[in-house]
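First the proteins, then the strands, lettered A, B, ... as listed; each starts at 1.
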Amino acid sequence: DTGVSQDPRHKITKRGQNVTFRCDPISEHNRLYWYRQTLGQGPEFLTYFQNEAQLEKSRLLSDRFSAERPKGSFSTLEIQRTEQGDSAMYLCASSLNGGRGEKLFFGSGTQLSVL
Amino acid sequence: DQQVKQNSPSLSVQEGRISILNCDYTNSMFDYFLWYKKYPAEGPTFLISISSIKDKNEDGRFTVFLNKSAKHLSLHIVPSQPGDSAVYFCAGETSSFGNEKLTFGTGTRLTIIP
């Protein structure tokens, strides 16, 4: 069990650029989640996958955001045409089955700064 | 619409005493409640959870109490240790398939004073 790994740890970009983050979940975990956290707030749900199927996407997620989990393994989160309001910590988490109070294992996050 | 509220942004407790962190919620559809702890530059780590049909769950130094009629839960840490200094998040979960996500509160920063 090597834990949930996220890459990169930090990303600085200029407004209007595209960025992509990667998450490697714990290998046997079927569920993979993306959350976003801004300063002084709790993590906010973005989207989640059961294996390769994207089951839910937050209404707060604009069309500039897209996530994939090909083959049900690692996942990528892409933000197109970044805006300053996208600056946040992007957290990935995984769990075996999900729901019923099952704990999520979080990665250390990717800190995005949009200048 | 803040479905999960942690009204105390910070709390300081002396080492060895009890720490009590509070959380209120508005969504009656939550089936489970979970507490996570977060250190700087790390992701949240799971502490303890409770089903909405229970009123208490205990795990070592950590106990969570749920008062469903008041829509209130609390996390008790006894005795408090310096390593408990962190930000604590309360979260509610709805467990209908395809809708299992956590809704987090804004967190309480706990500082344990040696």
Leading residue by heavy atom contact count with chain A [cutoff under 4.5 Å; candidates G107(B), A41(B), S51(B)]
A41(B)

Under 4.5 Å to a heavy atom of chain B? For Q37(A) that would be side chain

Are side-chain N/O atoms of S28(B) and K71(B) paired as donor and acceptor at under 3.5 Å?
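Yes, side-chain donor-acceptor contact under 3.5 Å.
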
Can you tell me how far apart CG (L77(A)) and CH2 (W34(A)) are? Round to the nearest 0.5 Å.
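Result: 5.0 Å between the selected atoms.
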
Report the distance from atom CD1 of I79(A) to atom CZ of F21(A), rounding to the nearest 0.5 Å.
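So the gap between those two atoms works out to 4.5 Å.
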
Can you tell which part of [X] gets under 4.5 Å to a heavy atom of chain A, answering side chain, backbone, both or neither?
X: F104(B); value: both
X: L102(B); value: both
X: F33(B); value: neither
X: T106(B); value: both

SB check E83(A) R64(A) (cutoff 4.0 Å)
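Answer for the salt bridge query: yes.
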
Closer than 3.5 angstrom, by distance alone: can the side chain of S80(B) be matched with the main-chain N or O of E15(B) as a donor-acceptor pair?
no

